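In what follows, a structure is listed as structure tokens, so that the remarks can point back to it.
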Amino acid sequence: MNKFKKIETGIDGLVIIESTIFGDSRGFFMESYSKRDFEEIGLTMEFVQDNHSKSKKGVLRGLHFQTKHTQGKLVRVIAGSVLDVAVDLRRDSETFGKWDSVLLTAGNKRMFYVPEGFAHGFITLEDNTEFQYKCTDYYAPEYDSGIVWNDKEVGIDWELEKYGIKEEELSLSEKDMKLQTFREFVESGVEF
Ligand SMILES: Cc1cn([C@H]2C[C@H](O)[C@@H](COP(=O)(O)OP(=O)(O)O[C@H]3O[C@H](C)C(=O)[C@H](O)[C@H]3O)O2)c(=O)[nH]c1=O
């Protein structure tokens, strides 16, 4: 029996994945990845690098992508909670420039697969949030790029008010504060 369920979003390739949770008096057990079971539900990507970050509440990391060695990412939260966001940057996609988001928490144990060709980021909704993800290619800092989190044209709803986060209290890296706009990305001609 396949322990994973794939839930389509409105964007081709961007999917939510739920695993079977085995709870008992000790706690719970889940498989967070299975090459065999993933292939059975059409997820045939190969992962080569696992990442793990921890953030306080109100940290926004993103929106990132690599212009070469583009990374598909299987992301999940193992402590705390995030609103996870992906933006379709595949120029031949009918949802080019469109975004979607999903609430990932240690409680809901949901996973999100963000394919290659997307910008990815998240905002943490509580302190001590730990974020783990598998990548389909290696970190290549020389190709590190992104688009700015609050790009007006993309228009992501980060739901700050809903989660009691004030924009002026957001914590971003210097790098992320200076990322290009979506329009600058479009005009750059960068393709994956
Ligand atoms: C991403 C990465 C970073 N690093 C080093 C480089 C820096 O010295 C340090 C922090 O890197 P950075 O500030 O880019 O980390 P994040 O802001 O969490 O970046 C990530 O944030 C969003 C959510 C993403 O989707 C990407 O995976 C990634 O860009 O870790 C590595 O050594 N390997 C890596 O794969």
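Model, not experiment: these values are computed from the prediction. For this chain, numbers begin at 1 and follow the sequence in order. As the structure lists them, so they are numbered: ligands from 1, and atoms in each ligand from 1.
A salt bridge does not link Asp37 to Lys3: none of the charged nitrogens lies less than 4.0 Å from a carboxylate oxygen. Between Arg183 and Asp151 there is no salt bridge, since no side-chain N of the basic residue sits under 4.0 Å from a carboxylate O of the acidic one.
Those atoms of ligand 1 with a heavy atom of Asn51 less than 4.0 angstrom away are 35 (O). The contact set between ligand 1 and Gln49, taken as ligand atoms under 4.0 Å from a residue heavy atom, comprises 34 (C), 35 (O). Listed by atom number, the atoms of ligand 1 under 4.0 Å from Phe122 heavy atoms are 23 (C). If you number the atoms of ligand 1 from 1 as listed, the ones under 4.0 Å from a heavy atom of Lys73 come out as 24 (C), 25 (O), 26 (C), 27 (O). The atoms of ligand 1 that sit less than 4.0 Å from any heavy atom of His120 are 23 (C), 24 (C), 25 (O).
In this structure, Lys73 forms no cation-pi arrangement with Phe118, as its terminal cationic atom is not both closer than 6.0 Å to the ring centre and no more than 45° off the ring axis.
Nearest to atom 19 (O) of ligand 1 by heavy atom, out of Glu174, Arg61, His64, Gln71, is His64. With distances taken over non-hydrogen atoms, the option nearest atom 27 (O) of ligand 1 out of Tyr133, Phe118, Tyr138 is Tyr133.
No donor-acceptor contact under 3.5 angstrom links the side chains of Arg61 and Ser173, judged on distance only. For the residue pair Gln71 and Asp137, no side-chain donor N or O sits within less than 3.5 Å of a side-chain acceptor on the partner.
Atom 33 (N) of ligand 1 has as its closest protein heavy atom Tyr139 CD2, 3.2 Å.
Between Phe131 and Phe122, the distance separating the two ring centers is shorter than 6.0 angstrom. Phe185 has its ring centre less than 6.0 Å from the ring centre of Phe65.
Applying the ring-ring contact (aromatic ring centres under 6.0 Å, His included) rule to pairs touching residues 73-116 yields Phe96-Phe182, sequence neighbours excluded.
Protein heavy atoms all stay at least 4.0 Å away from atom 7 (C) of ligand 1. Note that atom 11 (O) of ligand 1 has no protein non-hydrogen atoms nearby, at separations under 4.0 angstrom. Protein heavy atoms come within 4.0 Å of atom 16 (P) of ligand 1.
Considering both main-chain and side-chain atoms, Lys175 comes within under 3.5 Å of ligand 1 through a nitrogen or oxygen pair.
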